[in-house]
Novice: 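Below you will find the structure I want to go over with you.
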Amino acid sequence: MEQPTTVAQAIAVQEELRGLVECVDVGTPPQYVAGLDVAYDGDRLAAAVVVLDGATLAEVDRVVVRGETTFPYVPGLFAFREVPALLAALEQLGTTPELLVCDGQGLAHPRRFGLACHLGVLTGIPAIGAAKTTFVGSHGSHGELARERGATAELVDDGEVVGAAVRTQDGIKPIYVSVGHRVTLATAVAHVLRLTPRYRLPETTRRADRACRDGLSDGWAGWGGFLADSGVEPSPTSSAAGEEAAEDEG
DNA sequence: GCGACAG
DNA sequence: ATCTTGTCGC
């Protein structure tokens, strides 16, 4: 039952896989870090995986696949909408990332099995969730997080610490980080801070967002199901100068 | 009971 | 997610 059709089936899958989440650090600091995101245009979609060098944040690989939606957006079942395309993109990758930075929640989910947990468990690759807004839980009463970059506050839901609000830049809205798989919350937060030298969102997320969005524009010339446009191509459009107007937010 | 609800 | 220009600020 890996490709559920109904809400009940999807919830059953989450209940079944949630027990496989590992909340511990494994391996060495990642050399390759991947950002994943999906963009939509009606029932069509483009999923992107962009791999960056963990130390320099330079892009080393990327894959964009296009296809069609197979599951509607249902709060709490978001993963079932994005996972098929993201897995297809990961398979096309010529590199093996050691960390997946997902655009959504990990354990900060009503059933403690958000997108990051789902992708982590299915791939076995350490994964973290980095969301722009909260889904469950709050941090208000648990001490306001300081205005400075690096400040954090526990994200608590139903008396349980499910993640952390993380201020990635001075004086800007925090993002919400949670464990996906094979990582601890502290390590997940550290990774996010290393990936946000300048903007609110991780570089991985920003690059993946741009990639899948561009993938939607590039037309649909007779696709045959998750066709991929991949490889390390000398970025023709985006260059060094004039990239100052790019803001985060969805 | 009513509203809120990752992207 | 997506609809959307100019504008304020560093």
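Lettering follows sequence order; numbering is per chain, from 1. Predicted model only: the values in this text are computed from it and were never measured.
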Novice: Return the value, rounded to whole Å, for the distance between atom CG of A:Asp37 and atom P of C:dT2.
Specialist: 8 Å
Novice: C:dA1 C1' sits how many Å from A:Phe71 CZ, rounded?
Specialist: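 For the pair A:Phe71 CZ and C:dA1 C1', the rounded distance is 16 Å.
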Novice: Nearest whole Å is fine: how far is B:dA6 P from A:Gln14 CD?
Specialist: 14 Å
Novice: Examine distances only and state if a side-chain atom of A:Arg111 and a backbone atom of A:Gln14 form a donor-acceptor pair shorter than 3.5 Å.
Specialist: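 No.
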Novice: OP1 or OP2 of B:dG7 sitting under 4.0 Å from any side-chain N/O of A:Lys132?
Specialist: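 Answer yes for this pair, as a side-chain N or O of A:Lys132 is under 4.0 Å from OP1 or OP2.
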Novice: Tell me if a side-chain donor or acceptor on A:Arg200 pairs with a main-chain N or O of A:Pro174 at a distance below 3.5 Å.
Specialist: yes
Novice: Are A:Tyr176 and A:His139 near enough that their ring centres are under 6.0 Å apart?
Specialist: yes
Novice: Which part of the nucleic acid, if any, lies within contact of A:Tyr40, taking any heavy atom under 4.0 Å across all strands shown: a base, the sugar-phosphate backbone alone, or nothing?
Specialist: sugar-phosphate
Novice: Name the nucleic acid region contacted by A:Leu77, choosing base, sugar-phosphate or nothing; use a 4.0 angstrom heavy-atom cut-off, strictly under.
Specialist: base
Novice: Send over the distance from A:Asp158 CG to B:dC5 C1', rounded to a whole Å.
Specialist: 16 Å
Novice: What integer distance in Å separates A:Leu100:CG from B:dA6:P?
Specialist: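 Result: 22 Å.
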Novice: Distance-only, no hydrogens or angles: does the A:Asp25 side chain make a donor-acceptor pair with backbone N or O of A:Thr184 under 3.5 Å?
Specialist: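 Looks like yes, one N/O pair under 3.5 Å.
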Novice: Measure up the A:Phe113 and A:His118 rings against each other and bin them: parallel (under 30°), tilted (30 to 60°), perpendicular (over 60°).
Specialist: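 Plane angle between 30° and 60°, so tilted.
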Novice: The side chain of A:Pro75 lies closest to which of these nucleotides: B:dC5, C:dT2, B:dG7?
Specialist: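 In terms of side-chain proximity for A:Pro75, the closest of B:dC5, C:dT2, B:dG7 is B:dC5.
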Novice: May I ask you to say what A:Gly129 touches in the nucleic acid, namely base, sugar-phosphate or nothing, with a heavy-atom cut-off under 4.0 Å?
Specialist: nothing
Novice: State which of B:dC5, B:dG7, C:dT2 makes the closest approach to the side chain of A:Arg213.
Specialist: C:dT2
Novice: Report yes if a side-chain nitrogen or oxygen of A:Tyr73 is closer than 4.0 Å to either non-bridging phosphate oxygen (OP1 or OP2) of B:dA6; otherwise report no.
Specialist: yes
Novice: Rounded to whole angstroms, how far apart are CZ on A:Phe78 and P on B:dG7?
Specialist: 7 Å
Novice: In whole angstroms, how far is the P atom of C:dC3 from the CG atom of A:Asp41?
Specialist: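 In whole Å, C:dC3 P and A:Asp41 CG are 8 Å from each other.
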Novice: With respect to the phosphate group of B:dA6, does any side-chain polar atom (N or O) of A:Thr134 fall under 4.0 Å of OP1 or OP2?
Specialist: no
Novice: Would you kindly give the CG-to-P distance between A:Asp43 and C:dA1, to the nearest whole Å?
Specialist: 17 Å
